[in-house]
2 protein chains.
Amino acid sequence: MSTRNSGLSALAGARQVGRLAPVRRTSTVDLIAERLREAVVEGSLPPGAVLGEAELAFQLGVSRGPLREAMQRLTAEGLLVIPRRRGLAVRTMTPEDVRDIHWLRSRIEPELGRRILARPAAERKTVLAELGAEVKRMQRALRKDDARDLGDAYLDFHRALAAWGGSVRLARMMATLLIETRLCTFSMYEHFEVHRDLVPEHVAFVEALAAEDARRFAVLIEAHLDAEVARLLAEPVAAAKEGEDRLLAETPDEPQPLDRLDLPEGL
Amino acid sequence: MSTRNSGLSALAGARQVGRLAPVRRTSTVDLIAERLREAVVEGSLPPGAVLGEAELAFQLGVSRGPLREAMQRLTAEGLLVIPRRRGLAVRTMTPEDVRDIHWLRSRIEPELGRRILARPAAERKTVLAELGAEVKRMQRALRKDDARDLGDAYLDFHRALAAWGGSVRLARMMATLLIETRLCTFSMYEHFEVHRDLVPEHVAFVEALAAEDARRFAVLIEAHLDAEVARLLAEPVAAAKEGEDRLLAETPDEPQPLDRLDLPEGL
DNA sequence: TATTGTAAGTTTGTCGACAATCCGATGATC
DNA sequence: GATCATCGGATTGTCGACAAACTTACAATA
């Protein structure tokens, strides 16, 4: 033990002896899954899109085995659906899903606010700084009229909220819910779009947290999510027509919602 | 259209015309995943257990491909961990996990109670009947001193609660949380065990719901979960020693918690 | 005696291939 | 004229195999 780090003593002295952080090696399946998640968030795999395994595997530069494993993981998260013998399809969100997702978020996020406010002052400051940075990014995106960047900053804002909530499980759920939120936009709107009220709303969120007013934060979040649902469902459900057209050459007269045949069987 | 069901008119008249429930065909991966979940709940795959893929695949009568896909699904749910090149391991719950899981449940289950009470009276009655039946099962199990059956009834009670909560996502989360709850028991105790207070507590839950007292239901649930955490953590953490001994011939001096090397990367 | 280097053995990670299945279209029949 | 049956094409679901990587044990050395 004592001689173990002798050759590195000069370095070891600088930090902690014999306590190196384990190397984070990530498996191929992890990489593929992350890539697929990105693609879903980014919109290059639009809801309802049906891709063949072979084609997708070729694009990713892997064989079908690892791809299929990654697909199963995304399926467990509810982002993908695997219709029997028909490749994989990105889940299309129904109005009911929109309500469910946003309702769930309206229960979770206020709780996250409470937990963040319960943290020691030093950490709270860090969180506020992080959230503030995301809001700034949103403001910049709005000035540049960059809806995509605005949307990404929105996701990162709420991701940060979840990350500081102090529960790994809750953070994981929120991560999935946020991707699903993005899927709601893709499923309901024809094109990617974010409205202007978003930024002032988030400024208010940060202010409420800065004022340590958990109640106000909860009310604001709930109002935001309610408004979001109303906005998404107000759209004259043009469905994910555009997305399907982009990858499928033609869409017959709605044979059956391809991506809702099998539900993930996690009960 | 009109002639479509002509040959079945005699039958069709009895129920609804042209509206058959789709056949629920379940894939091999689904079956394997369900089987693995069962094994975890049942305890035949104890926390920390490390099994080789080939061996497990042989036991299940499938090849390694589908098994690996099912593993990925359980991994996404947080029940399994896949250390690099070391097969698969059932997750061992740490004290922190115990707190996280029960805290999360203490936020979710009161909400489920509120949602159930918000349902129409007819449905409420159905729910109460179902919950009551599970409590009766718990009582029978207690009289027969059958800890295993008591534990299963406990899970089913809370599963029913989740099923009637009206949110598919929440139900899915609860399903996972309940399996993790069971894993907490296996991880903390040496043997499977349930205490006697469990039954009266659940009688009180049902009574609170019958009285449509959501507030009381919430308080009771939270008290129950708090007590459960205290009980689990009070145990002089003998760890999952027993489980490891059963499958591994010998355990060296704790080289490193085998099943906590890789965390599920869902963030 | 403790530690490092080496080697064999085992298991995973990945790939390619085969067969069963399903989809769509064309043609036959009532 | 519409429905049913048949047939090819394409794709999935599953399996077996190979190579790389890791673990473990043993031996050599300081």
Side-chain angles (χ1 to χ4, degrees), chain A residues 1-8 18 22-23 25-33 49-73 75 80-89 247-256 258-259 261-262, chain B residues 1-8 18 22-23 25-33 49-73 75 80-89 247-256 258-259 261-262:
Chain A
M1 277 294 182
S2 61
T3 64
R4 192 172 203 173
N5 296 325
S6 58
L8 292 170
V23 182
R25 276 176 303 185
T26 144
S27 73
T28 308
V29 178
D30 285 336
L31 293 175
I32 299 176
V50 178
L51 258 73
E53 292 180 358
E55 165 67 13
L56 197 54
F58 175 76
Q59 286 184 22
L60 291 167
V62 295
S63 101
R64 282 175 51 217
L67 171 64
R68 283 177 66 90
E69 294 182 33
M71 280 164 53
Q72 289 298 332
R73 206 182 281 192
T75 300
L80 245 53
V81 170
I82 306 184
R84 286 178 55 87
R85 297 207 170 263
R86 231 168 305 178
L88 86 178
L247 291 202
L248 294 175
E250 69 290 336
T251 305
D253 47 333
E254 201 74 76
Q256 187 149 7
L258 252 182
D259 50 346
L261 293 179
D262 283 353
Chain B
M1 277 294 183
S2 60
T3 63
R4 192 171 202 174
N5 296 323
S6 58
L8 292 170
V23 182
R25 277 177 302 186
T26 148
S27 73
T28 308
V29 177
D30 285 335
L31 293 175
I32 299 176
V50 177
L51 258 74
E53 292 180 2
E55 165 67 13
L56 198 54
F58 175 77
Q59 285 183 22
L60 291 168
V62 296
S63 106
R64 281 175 52 216
L67 171 63
R68 283 176 66 90
E69 294 182 32
M71 281 164 54
Q72 289 298 331
R73 205 181 283 194
T75 300
L80 245 52
V81 170
I82 307 182
R84 285 176 59 87
R85 297 207 170 260
R86 231 170 303 180
L88 86 181
L247 291 201
L248 293 177
E250 70 288 335
T251 305
D253 46 331
E254 201 76 73
Q256 185 148 7
L258 251 183
D259 51 346
L261 292 180
D262 283 354

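Letters A, B, ... mirror the listed sequences (proteins, then strands); counts begin at 1.
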Using every non-hydrogen atom in the two residues, find where B:Ala57 and B:Leu67 come nearest and quote the distance to one decimal. N-CD2, 3.6 Å
Under the rule for side-chain hydrogen bond (donor to acceptor under 3.5 Å, both in side chains), what residues qualify as partners of A:Arg68, not counting sequence neighbours? A:Glu53, B:Glu69
Under the side-chain hydrogen bond (donor to acceptor under 3.5 Å, both in side chains) rule, collect the residues that match up with A:Thr28, sequence neighbours excluded. none
Closest non-hydrogen contact found for A:Ala89 with A:Pro83 is N-CD, 4.3 Å
Residues that B:Ser63 engages under side-chain contact (heavy atoms from CB on, under 4.5 Å), provided they are two or more places apart: B:Pro66
Does anything in residues 56-63 of chain B reach DNA chain D, meaning a heavy atom under 4.0 Å, and if so which residues? B:Val62, B:Ser63
Quick one: CD on A:Gln59 to CG on A:Leu51, what's the gap to the nearest 0.5 Å? 6.5 Å
Provide a list of protein-nucleic acid N or O atom pairs under 3.5 angstrom, restricted to nucleotides 9-13 of chain D.
residue	atom	partner	partner atom	Å
D:dT12	OP1	A:Glu53	N	3.1
D:dT12	O2	A:Arg85	NH1	3.1
D:dG13	OP1	A:Arg85	N	3.3
D:dG13	OP2	A:Arg68	NH1	2.8
D:dG13	OP2	A:Arg68	NH2	3.3
D:dG13	N7	A:Arg64	NH2	2.8
D:dG13	O6	A:Arg64	NH1	3.3

Please assess A:Leu80 against A:Arg73 for the test side chain to side chain contact (heavy atoms under 4.5 Å, CB included), listing each intermediate value before the final yes or no. CA-CA 9 Å; A:Leu80 245 53; A:Arg73 206 182 281 192; over 6 Å; no
